[in-house]
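Report on one structure; see the data block that follows.
Residue numbers run from 1 in the order of the sequence given.
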Amino acid sequence: MTSFLNTKFKKNFPSFSKQKLRIWKSIKQLQSHQFPNLKQFKYLSRFLNKKEKFIIKVLLILIVCCFILLMGRLYFSQTKEIAKTGGQYIEGLIGTPQYINPILAPINEVDLDICQLVFSGLLKYNEKQEIVPDLIEKYEISENQKEYTFFLRKNVLWHDKEKFNADDVLFTIKSIQNSDFKSPLSNNFKDIEVKKINDYTVQFILKKPLAPFLSSLTIGIIPAHLWENIPSNQASLAVYNLKPIGTGPFQFHSLIKDQRGLIQSYILKRNAFYYDKKSYFDKIAFKFYSDFKDAVSDLKTKKIDGLNYLPKDFLSKELNKTISQKDFTLYPLYLHQYMGIFFNQQKNPLLKEKVIREALALSLDKQKIIDEVLDQGGEIIDAPILKNQIGYNPKIKKYNYDIEKAKQLLDKAGWKLKEEKNGEAKKITKKTATKVEVKESEKNTKKLFLYKKNKELKITLTTVDQSENIKTAQIIQKFWQDIGIKVDLKIIDPKDIQDETIKFRDYEALFYGKNVGFDPDPYPFWHSSQINYPGLNLSLYSNKQTDQLLEEARKTNNLAEREIKYLKFQDILIEDLPAIFLYNPTYTYIINKQIKGIGISRIINPSDRFIGIENWYSKTKRKFK
């Protein structure tokens with residue numbers, strides 16, 4: 001056998017040295033089975049040529065790759081992606097913070113945005129827009145519905161590690177009621193008494209039942225131990241308005257000002273001692289802009305992850321040109337707000353004729369307004385109570401677009417068309433108004449307008465100097481002039497609309513928006529007691545029957561009873577037609593697609609887009625199912 005091996009190797013491997021031959025003989029002598037063991041494998045490469053070595057390497061690589069793919073497939077099929085703590089979210093805001101203080105914040109949307117993250121209320125809204133406990137464990141309402149008792153959480157710390165208790169609640173409410181604080185929320189707590197039962201129990205006592213009262217208690221609570229030493233008439237100057245201490249999921253970290261003293265950026269960090277589910281983000285940062293153009297530019301270059309609001313103009317012009325929709329998600333959030341035209345019949349006696357108001361309603365193509373002005377960013381409405389609210393009625397009487405019927409109504413009422421030059425609206429030269437320019441080509445165009453006994457049917461339509469409002473007003477003007485009603489436009493500066501126009505009810509027809517809040521209680525907007533400022537009855541509407549229904553509805557917490565009364569109220573209101581309800585606009589929120597976990601679709605205020613912020617994340621990890 002040995003001589004045979006020698007002969008074979010000499011013949012096939014003439015270059016083999018004697019030493020290698022001895023090694024081979026040793027291997028054969030030690031081998032107890034036909035397949036080589038691990039020790040013997042180390043000598044395998046000495047007996048393979050280049051081609052054989054290449055084939056084996058390729059096979060090994062294929063085996064390893066197949067194994068990795070198999071393990072990867074098994075891993076991904078048996079695990080799921082979940083949120084991971086870490087990272088930050090950077091959002092652009094138009095404006096600058098002034099009072100990051102919940103009892104002063106309602107006058108500035110930027111302040112409200114930051115307050116939403118820094119402060120907590122006794123109650124809060126969840127993503128389904130239900131009112132749920134926040135700083136409380138539970139609450140009780142007395143049988144007469146005048147006493148509300150709240151049992152506070154005992155594990156809550158302020159951001160400075162002081163304990164939260166009933167004194168903080170009392171101080172916050174009494175500060176709102178204190179005229180020296182000049183809180184915009186003072187009317188919400190008028191004639192309401194708040195008492196401390198013990199360190200973790202407070203009670204609110206109302207003079208009469210008020211069903212929407214719970215929604216008022218979603219406002220943030222401020223710390224008594226810091227604010228009680230600051231004179232109430234100097235509250236607006238306190239450092240805590242920009243470096244707040246709250247109990248919310250995020251706390252103040254830092255801010256950066258420019259050379260003029262304006263805040264450029266504002267950073268919050270996660271509250272490590274938050275009493276509820278903590279956020280995944282380590283930080284949330286805000287960058288402030290004076291206009292949307294610069295903000296959209298930074299969004300495009302990803303210097304910010306999101307923008308608090310994307311105007312309709314930028315939706316149509318900028319989104320397709322400068323912002324990749326592959327990188328961003330648009331969230332069309334429906335606001336609890338409606339836009340309508342409110343008639344002041346005292347200012348223009350012609351509007352007292354229902355036939356005129358009905359013709360005005362029938363001549364409006366609401367869908368065209370939504371398509372042309374909002375780029376379909378809204379829903380048509382026909383009543384003041386919106387979808388998903390108590391009393392919403394999809395079958396309510398509607399004044400659908402019917403221009404021929406509108407003309408017939410006016411004709412039967414004795415209004416006849418006559419020719420007139422300069423048919424476009426006259427220029428408004430009042431100091432507080434922006435001039436509505438008349439196109440040169442239309443100055444001498446002959447127009448037909450309605451007259452009755454030589455009296456012209458003419459209306460002045462007032463609105464706020466904002467692009468969407470102006471465009472809508474111009475479309476309304478066109479619709480009304482198409483049926484022969486002459487319309488002048490009056491465009492008011494936003495800073496003057498409250499103090500000069502609404503306060504004195506200085507308008508004939510007002511195109512304006514109303515934020516109805518979470519609870520749809522129409523009392524503040526349609527009860528006759530709210531006709532005069534600061535009431536919000538912009539149509540100066542008075543009806544004893546609807547007054548009674550609204551009064552009774554806010555006295556009961558029985559949802560079924562409230563709904564019946566709201567349905568009856570709306571039927572009467574729509575029949576009386578003191579206003580034309582146009583649309584419920586959307587609030588377009590844009591965020592980088594890397595930010596996930598956003599689950600809200602309807603909001604009350606823009607700051608409510610942060611409801612559920614604890615579920616947002618940008619980093620992920622995998623977990624076995």
Sequence neighbours excluded and cut-off under 3.5 Å, please list the side-chain donor-acceptor pairs for residues 229-239, or say none.
{"residue": "S232", "atom": "OG", "partner": "N178", "partner atom": "ND2", "Å": "3.4"}
{"residue": "S232", "atom": "OG", "partner": "D180", "partner atom": "OD2", "Å": "3.4"}

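Contact of the P522 side chain with the L550 side chain is registered, since non-hydrogen atoms from C-beta on lie closer than 4.5 Å. Looking only at side-chain heavy atoms (C-beta outward), Y309 and I94 stay at 4.5 Å or farther from each other. A heavy-atom distance below 4.5 Å is found between the side chains of D160 and H225. Annotation: side chain of I598 is not in contact with side chain of T329 (no heavy-atom distance under 4.5 Å). Side-chain atoms of Q129 and H336, non-hydrogen and from C-beta on, do get closer than 4.5 Å to each other. The side-chain heavy atoms of I219 and L185, taken from C-beta on, include a pair separated by under 4.5 Å. By the 4.5 Å heavy-atom criterion applied to side chains, N592 and K302 are counted as neighbours.
To the nearest 0.5 Å, the span separating CG on D276 from CZ on R153 amounts to 5.0 Å. With rounding to the nearest 0.5 angstrom, the CG atom of L135 is 6.0 Å from the CG atom of L122. Atoms CD and CD1, from E91 and I114 in turn, are 10.0 Å apart once rounded to the nearest 0.5 Å. For the atom pair Y266 OH and F288 CZ, the distance stands at 8.0 Å (nearest 0.5 Å). Here E561 contributes atom CD and E552 contributes atom CD; the two are 9.5 Å apart, rounded to the nearest 0.5 Å. Atoms CZ and NZ, on R562 and K555 in that order, are 13.5 Å from each other to the nearest 0.5 Å.
Environment of CD in E147: crowded, with over 12 heavy atoms of neighbouring residues, nucleotides or ligands closer than 6.0 Å. Counting non-hydrogen atoms of other residues, nucleotides and ligands closer than 6.0 Å to NZ of K293 gives a total of 12 or fewer. Counting non-hydrogen atoms of neighbouring residues, nucleotides and ligands closer than 6.0 angstrom, the NZ atom of K196 exceeds 12 such neighbours. Under a cut-off of 6.0 angstrom, the local environment of NZ in K283 is sparse, with at most 12 non-hydrogen atoms contributed by other residues, nucleotides or ligands. In this structure, Q594 places its CD atom where only 12 or fewer heavy-atom neighbours from other residues, nucleotides or ligands lie under 6.0 Å away.
Using a cut-off of 4.0 Å between Lys/Arg side-chain N and Asp/Glu carboxylate O, K277 and E614 are scored as not salt-bridged.
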Next item on the list: Walk me through it: do F292 and L307 pass the test side chain to side chain contact (heavy atoms under 4.5 Å, CB included)?
Entry: CA-CA 9 Å; F292 284 102; L307 185 58; 4.3 Å; yes

Next item on the list: Check the pair I136, V202 against side chain to side chain contact (heavy atoms under 4.5 Å, CB included), reporting the backbone distance first and the verdict last.
Entry: CA-CA 10 Å; I136 64 169; V202 295; over 6 Å; no

Notebook entry, point to check: When you look at N558 and T556, which way does the side-chain hydrogen bond (donor to acceptor under 3.5 Å, both in side chains) test go after all the steps?
Noted result: CA-CA 5 Å; N558 185 309; T556 178; 5.4 Å; no

Checklist line | Stepwise side chain to side chain contact (heavy atoms under 4.5 Å, CB included) check, F281 with I595 | finding: CA-CA 10 Å; F281 289 127; I595 309 299; 4.1 Å; yes

Next item on the list: Please assess R260 against D258 for the test salt bridge (Lys or Arg N to Asp or Glu O under 4.0 Å), listing each intermediate value before the final yes or no.
Entry: CA-CA 5 Å; R260 298 169 297 171; D258 61 18; 3.1 Å; yes

Margin query: Walk me through whether F342 and Y512 qualify under ring-ring contact (aromatic ring centres under 6.0 Å, His included).
Written below: CA-CA 8 Å; F342 304 93; Y512 197 64; 7.4 Å; no

Checklist line | Evaluation steps, side chain to side chain contact (heavy atoms under 4.5 Å, CB included), between L268 and H253 | finding: CA-CA 5 Å; L268 303 175; H253 179 264; 5.8 Å; no

Notebook entry, point to check: Given D134 and Y275, is the side-chain hydrogen bond (donor to acceptor under 3.5 Å, both in side chains) satisfied, shown in steps?
Noted result: CA-CA 9 Å; D134 193 1; Y275 53 87; 2.6 Å; yes

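Within the structure, ring-ring contact (aromatic ring centres under 6.0 Å, His included) pairs that include any residue of residues 107-150 comprise Y125-F518, Y139-F150, Y148-F213, F150-F204 (at least two apart or interchain).
Under a 3.5 Å cut-off, the side chain of N584 and the backbone N or O of L335 do form a donor-acceptor pair. Remark: the backbone N or O of I82 is not paired with any side-chain donor or acceptor of Y617 at under 3.5 angstrom.
When all heavy atoms are compared, the tightest approach of P212 to D521 is CG-OD2, 3.4 Å. The minimum heavy-atom distance linking Y289 with I304 is given by the pair OH-CG2, 3.5 Å. Of all heavy-atom pairs spanning I103 and S183, the tightest one is O-OG, 2.6 Å. Closest heavy-atom contact between Y338 and L386: CB-CD2, 4.2 Å. P102 and P106 make their closest contact through O-CD, 3.7 Å (heavy atoms, listed as atom of the first residue, atom of the second, distance). Looking at every heavy atom in both residues, S529 comes nearest to Y523 through OG-OH, 3.2 Å.
Applying the side-chain contact (heavy atoms from CB on, under 4.5 Å) criterion to L104, with sequence neighbours excluded, gives Y99, N101, N241.
A donor and an acceptor atom, one from each side chain of Y334 and N388, are nowhere located under 3.5 Å apart. In this structure, a donor-acceptor pair under 3.5 Å is absent between the side chains of S607 and N605.
For the pair R609 and Y589, the cation-pi criterion (under 6.0 Å, within 45° of the ring axis) is fulfilled.
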